[in-house]
Amino acid sequence: MPFLFHTIIFLSYASMAAAVALMLPQNVPGFDSNMSAVAGGVVLVACALLHEAYVRLDERRHLLGEVGSLRESQHGIMEELSRARGETRGIFEALEGAGAKGRSKPDLNEVIAEVKVLEKLVEQLSKRDPEPEPEQNAEQPSEPERKGAPVLRIAMDLEPKQILDKVRQGLNTGRVDLFLQPIVSLPQRRTRHYECFSRIRVADDLMIVPDQYIGLAEREGLIGAIDNMLLFRCVQLVRKCQARKRNVGFFCNISSHSLSDKPFLQDFSQFLALNTNLAGNLVFELTQSAVNRVDSEVVRTLERVAGMGFRFSLDQVTDLNMDFAALARHRVKYLKIDAGMLLGQIRGTRSDFRELKAELNRFGIDLVAEKVEDEATLVELLDYPISFGQGYLFGEPRLSREDI
């Protein structure tokens with residue numbers, strides 16, 4: 001406790017002892033000044049002992065709290081150490097057993113596949129790496145009006161060259177963070193999936209978002225590296241959830257630029273072929289416009305991925321005139337449509353919406369209403385059989401945590 005508090009306590013009982021010593025001779029017959037001084041001293045010593053006992057008890061309580069915190073920290077460190085030792089042991093076992101007769105080498109191949117992902121990142125980043133510009137100080141919070149806004153803020157007023165420098169620095173230093181936004185079942189609002197987004201940190205509390213860097217990164221050939229890093233982070237998170245028996249799905253976006261990058265797609269399909277155990281929890285999200293532009297070679301690659309058990313989500317859907325049977329054959333499991341567009345169709349012709357939902361049900365495709373921003377929109381949507389919802393009403397993108 002503060003020194004001033006203990007000083008006040010001491011002065012209080014010292015004053016009380018002095019009062020006893022002064023008042024006893026006047027109010028109690030038979031007490032002379034010596035006896036009253038002794039009585040005052042006894043009161044002073046008794047109060048001092050009680051004060052001392054209280055201080056010791058408080059210190060003991062404080063020390064026990066610190067010891068408990070240290071034990072919890074030690075427990076967490078030991079768990080992390082044990083996990084790291086287990087992963088290291090697994091790598092060495094895979095490497096040592098790679099040459100064993102008749103072995104299929106799945107563990108070693110998985111290690112090699114992940115190393116190739118990281119090598120690809122280095123290769124893409126080594127093409128151009130100019131000196132970075134000094135950082136600008138202008139900044140503002142991201143979504144400042146929303147309740148529970150992310151701690152990281154968007155760095156504003158950066159020049160294009162500065163943004164490119166930040167992208168390269170983020171990729172080189174592992175500052176591509178994984179943000180997750182919940183996708184909930186309706187009407188229960190229970191989180192069943194998360195959509196994964198990439199954000200690049202430029203400082204401990206600042207980030208840049210895709211709207212700022214996506215065009216520049218595409219022009220500089222860095223989108224493949226960002227998609228690689230996002231996939232790598234998603235895979236790590238899926239493995240942790242599987243280890244904890246968490247049955248939750250993750251939607252991982254593959255950009256249109258990466259779909260047209262043949263070397264990326266080849267590495268992508270090879271990596272997934274060695275990690276088919278991730279198929280139950282990993283969904284690849286493609287935009288409708290990107291899918292409409294792919295060539296036959298890309299279609300064959302996506303068919304191979306679908307044949308491994310992985311599923312797809314079609315995002316940014318604006319044209320509902322689609323072949324749903326073909327989508328189902330290619331394992332498109334989710335169709336994401338803007339909530340405003342859905343409500344426009346419902347208000348226009350309810351029978352059209354019911355026909356759409358019947359077709360989706362027929363081919364086992366779930367409808368996701370995205371950009372659900374307020375309760376009024378949700379109440380109107382709940383009058384119709386919509387499987388899932390996504391939007392700020394249910395939660396905005398937040399930095400992924402270990403305990404998800």
Side-chain angles (χ1 to χ4, degrees), residues 146-147 180-197 234 238 241 246-254 279-292 302 305-306 309-398 404:
R146 296 193 187 276
K147 185 178 179 180
L180 305 175
Q181 184 175 33
I183 300 172
V184 304
S185 60
L186 297 177
Q188 300 89 352
R189 302 198 196 189
R190 181 179 179 183
T191 299
R192 301 300 298 273
H193 311 279
Y194 290 94
E195 181 169 354
C196 302
F197 299 92
C234 287
V238 168
C241 286
R246 287 292 313 277
N247 186 23
V248 63
F250 295 90
F251 285 50
C252 182
N253 185 271
I254 304 297
N281 301 88
L282 196 54
V283 178
F284 295 108
E285 191 156 85
L286 313 170
T287 65
Q288 185 181 40
S289 59
V291 169
N292 290 339
L302 296 178
V305 172
F310 290 93
R311 298 164 297 166
F312 296 96
S313 169
L314 203 59
D315 187 24
Q316 299 180 23
V317 174
T318 57
D319 182 5
L320 296 176
N321 184 24
M322 291 179 284
D323 184 347
F324 296 117
L327 292 179
R329 284 197 305 272
H330 290 92
R331 291 186 62 84
V332 173
K333 175 62 177 171
Y334 303 95
L335 199 67
K336 298 178 74 172
I337 304 177
D338 186 287
M341 180 179 174
L342 272 179
L343 289 178
Q345 187 182 46
I346 291 170
R347 292 164 185 159
T349 310
R350 288 176 171 81
S351 60
D352 287 349
F353 175 78
R354 291 192 179 94
E355 289 176 8
L356 168 66
K357 192 64 175 67
E359 280 287 285
L360 293 176
N361 290 342
R362 179 184 171 193
F363 294 106
I365 299 174
D366 288 323
L367 181 60
V368 182
E370 59 178 348
K371 298 183 181 177
V372 181
E373 308 295 332
D374 52 60
E375 290 287 349
T377 300
L378 178 62
V379 168
E380 196 168 354
L381 288 172
L382 288 180
D383 288 335
Y384 299 87
I386 297 172
S387 305
F388 298 98
Q390 180 182 359
Y392 278 93
L393 178 63
F394 311 115
E396 62 188 79
R398 289 188 175 276
I404 191 171

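The figures here come from the full heavy-atom set of this structure, side chains too, leaving out hydrogens, waters and symmetry mates.
Note that the SG atom of Cys234 and the CG atom of Asn253 stand 9.5 Å from one another [nearest 0.5 Å]. Rounding to the nearest 0.5 Å places SG of Cys196 at 5.0 Å from CG of Leu180. Considering CZ of Phe388 and CD1 of Ile183, their distance stands at 8.5 Å, rounded to 0.5 Å. Here CG of Leu342 is found 5.0 Å from CD1 of Ile337. Values are rounded to the nearest 0.5 Å. In this structure, CD in Glu380 is found 10.5 Å from CG in Leu382, a value given to the nearest 0.5 Å.
Other residues, nucleotides and ligands contribute over 12 non-hydrogen atoms within 6.0 Å of the NZ atom of Lys357.
Closest non-hydrogen pair, Ala339 versus Leu381, comes out as CB-CD1, 4.1 Å. Shown here for Ala306 and Arg331, the closest heavy-atom pair between the two residues is O-CD, 3.0 Å. Smallest separation of non-hydrogen atoms from Ile365 and Ala328: CD1-N, 4.4 Å.
No option in Phe250, Tyr334, Phe394 other than Tyr334 meets the ring pair (Phe, Tyr, Trp, His ring centres under 6.0 Å) test with His193. Screening Glu195, Glu370, Lys371 for a side chain to side chain donor-acceptor pair (under 3.5 Å) with Gln390, the sole residue that qualifies is Glu195.
For Arg192 (side chain) and Gly249 (main-chain N/O), no donor-acceptor pair under 3.5 Å exists by modelled atom type. Not a single donor-acceptor pair under 3.5 Å links the side chain of Lys333 to the backbone N or O of Asp366.
Contact annotation: the side chain of Leu327 never approaches that of Phe363 to less than 4.5 Å [non-hydrogen atoms, C-beta and beyond]. Counting heavy atoms from C-beta on, the side chains of Cys252 and Phe197 never come closer than 4.5 Å. Within the 4.5 Å cutoff, the side chain of Val332 has no heavy atoms near those of the Leu286 side chain. Looking at Thr287 and Asn292, their side chains never come closer than 4.5 Å, going by heavy atoms from C-beta outward. In this structure the side chain of Phe353 reaches within 4.5 angstrom of the side chain of Leu367, judged on heavy atoms.
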With a cut-off of 3.5 Å and sequence neighbours excluded, list every side-chain donor-acceptor pair involving residues 313-326.
unit_1	atom_1	unit_2	atom_2	d
Ser313	OG	Glu285	OE2	3.1
Asp319	OD1	Asn321	N	3.0
Asp323	OD1	Ala325	N	3.2
Asp323	OD1	Ala326	N	3.2

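For Phe312 and His330, the gap between ring centers reaches or exceeds 6.0 Å.
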